[in-house]
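Treat the numbers as computed from the prediction; the structure is a model and nothing was measured.
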Amino acid sequence: WYETLTIFWSGSQGSPIVIGAYGEGPRPRILGSVMLTEWQHVTGSIWRSTAVTTDPSRGGPHDGSSSGSGGYPGGAWFVGPNGVVTWGHQEAHIDFAGDYAELTETLDWGWYDGHIYVWSTVDPATLWQGLQVSQRQAAVRMPDNNPQQHIVIDGLALLFTQSKGFFAGYPAAAARDLVIRDCHVAYIGIKGAASAYGLAVWHSDLVIQHNEIHDCGRRSVSYNVYATRNVTFENVTIEHNHFHHGYHTTGIDIYTAGDDQMDGFVIRNNRFEGDPSEDLGAPEAFNSNHIWTQANQAGRLSDFEFTNNLFTHCHGKGLTVNQ
């Protein structure tokens with residue numbers, strides 16, 4: 001589904017609403033993108049998409065440091081004939097017709113006047129299944145100022161979005177009972193973006209288990225509360241997940257900036273995996289931590305348990321506890 005699923009309703013205690021797969025076959029895919037498959041030759045090694053699309057950068061800078069008028073910038077991903085996904089080079093951009101100076105090698109792309117431009121010595125359709133270009137903020141989300149409760153999300157693929165795979169809405173509120181399990185969440189935002197999260201969550205009674213989450217441009221799981229609300233967030237379990245290929249926080253980032261309390265967080269039996277082949281000197285490379293926790297101002301983190309997790313090839317810090 002090339003659309004966003006918005007959850008407008010709550011279940012009840014002991015009888016949650018379940019959103020998930022049924023029958024047999026691969027996970028249903030909820031995609032925040034448009035797939036470009038046809039190209040027109042422009043000049044030299046420059047090709048333009050036949051289809052019209054909105055600017056995935058939303059008017060923001062291509063380094064992801066801040067948002068534009070339409071939100072934080074999103075990325076583009078080349079899908080090979082075998083289904084392997086490769087990040088496009090987000091630093092390339094076009095300012096006016098004929099401005100292709102930054103498109104100089106395979107995987108370079110830019111947007112101008114309703115079309116995506118790529119560099120290729122041959123028709124890109126002969127090399128790639130297509131180009132997934134982010135268009136929507138999230139694959140599954142809750143409305144802002146109205147987080148829903150007693151929800152289970154089970155067995156979905158949430159891919160190719162501008163800034164979130166799952167988004168609990170904002171601001172963070174005292175909602176309860178959310179389960180996200182057996183999902184594949186990947187290819188969010190751009191590398192090193194200020195906002196690009198696999199799961200942006202702040203429910204109490206939260207369970208995140210048996211998911212594969214990777215290639216999220218900033219954090220795989222973002223449990224970050226920035227405003228002062230005097231709320232206690234509690235009873236969170238994150239277990240049996242596989243986190244890999246991160247560009248700021250490969251796994252879990254937990255942070256409170258105001259007077260909120262976070263109590264009873266259990267993080268266990270997860271695998272956090274960096275990429276040993278990552279060239280940290282490359283323009284798009286980032287050190288990435290595996291788990292980051294921090295309380296600022298009057299906030300407090302208490303009763304946190306980290307048990308039986310596996311950390312490999314960490315380019316930053318494996319486990320950071322700031323209190």
Side-chain angles (χ1 to χ4, degrees), residues 64-67 72 138 141-149 151 163-180 188-189 192-209 211 213 216-239 241 243 246-268 270 272 286-307 309 311 314 316-323:
S65 59
S66 61
S67 63
Y72 284 95
R141 66 164 298 156
M142 295 177 175
D144 289 337
N145 300 298
N146 189 22
Q148 303 302 318
Q149 305 185 97
I151 301 292
S163 61
K164 284 98 177 171
F166 171 85
F167 182 36
Y170 200 80
R176 309 191 78 92
D177 193 15
L178 171 65
V179 177
I180 301 173
I188 311 297
S195 175
Y197 315 140
L199 308 177
V201 290
W202 26 74
H203 280 63
S204 293
D205 301 328
L206 169 69
V207 177
I208 299 172
Q209 61 184 187
N211 303 286
I213 307 178
C216 302
R218 190 164 184 87
R219 304 172 185 137
S220 287
V221 174
S222 179
Y223 203 116
N224 282 234
V225 181
Y226 294 105
T228 297
R229 300 187 173 278
N230 194 25
V231 172
T232 297
F233 300 90
E234 61 186 355
N235 190 26
V236 172
T237 301
I238 303 174
E239 62 182 0
N241 301 284
F243 302 103
Y247 303 101
H248 180 274
T249 305
T250 299
I252 304 162
D253 201 296
I254 299 170
Y255 176 90
T256 177
D259 59 359
D260 301 295
Q261 316 301 311
M262 296 184 177
D263 298 330
F265 280 53
V266 177
I267 300 171
R268 63 191 177 200
N270 301 284
F272 302 86
F286 293 87
N287 284 332
S288 191
N289 307 297
H290 282 346
I291 300 176
W292 182 278
T293 65
Q294 183 171 351
N296 282 345
Q297 301 178 34
R300 189 190 76 227
L301 310 182
S302 65
D303 194 18
F304 271 57
E305 175 187 322
F306 306 93
T307 306
N309 299 288
F311 302 87
C314 184
K317 298 176 174 66
L319 170 61
T320 301
V321 178
N322 294 311
Q323 176 66 295

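- In terms of heavy atoms, L199 sits closest to I213 at CD1-CD1, 3.8 Å.
- Residues passing the side-chain hydrogen bond (donor to acceptor under 3.5 Å, both in side chains) test with N224, sequence neighbours excluded: R219, S222, Y226, D253.
- Looking only at distances, a side-chain donor or acceptor of N309 sits under 3.5 Å from a matching main-chain atom of N270.
- Closest approach of P171 and N145 over heavy atoms only: CD-OD1, 2.9 Å.
- Once rounded to the nearest 0.5 Å, the distance linking CE of M142 with CD of Q149 reads 8.5 Å.
- Judged purely by distance below 3.5 Å, without hydrogens or angles, the side chains of R300 and Q261 pair a donor atom with an acceptor atom.
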query: Does the pair E234 and R176 meet the rule for a side chain to side chain contact (heavy atoms under 4.5 Å, CB included), with working shown?
result: CA-CA 9 Å; E234 61 186 355; R176 309 191 78 92; 3.0 Å; yes
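- No donor-acceptor contact under 3.5 angstrom links the side chains of N322 and Y255, judged on distance only.
- Looking only at side-chain heavy atoms (C-beta outward), S163 and R218 stay at 4.5 Å or farther from each other.
- Using cut-offs of 30° and 60° for the angle between ring planes, the F304 and F265 rings count as parallel.
- Side-chain N or O atoms of D144 include none that pairs as donor or acceptor with a backbone N or O of G169 at under 3.5 Å.
- To the nearest 0.5 Å, atoms CG (L178) and CD1 (I208) are separated by 7.5 Å.
- Between the OG1 atom of T293 and the CD1 atom of I254 there is a distance of 6.5 Å, given to the nearest 0.5 Å.
- Side-chain atoms of E239 and T237 form no donor-acceptor pair, as typed in the model, at a separation below 3.5 Å.
- Residue C216 comes nearest to Y247 through the heavy atom pair O-CD1, 3.8 Å, listed as atom of the first residue, atom of the second, then distance.
- T307 is not listed as a side-chain neighbour of V266, based on a closest heavy-atom distance of 4.5 Å or more.
- When all heavy atoms are compared, the tightest approach of A138 to R141 is CB-CB, 4.1 Å.
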- request: Run the numbers on L206 and F233 for side chain to side chain contact (heavy atoms under 4.5 Å, CB included), then give the verdict.
  value: CA-CA 10 Å; L206 169 69; F233 300 90; over 6 Å; no
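- Ring planes of Y170 and W202: perpendicular class, angle over 60° (limits at 30 and 60°).
- Nearest approach of I252 to T249, heavy atoms of both residues: O-CG2, 3.4 Å.
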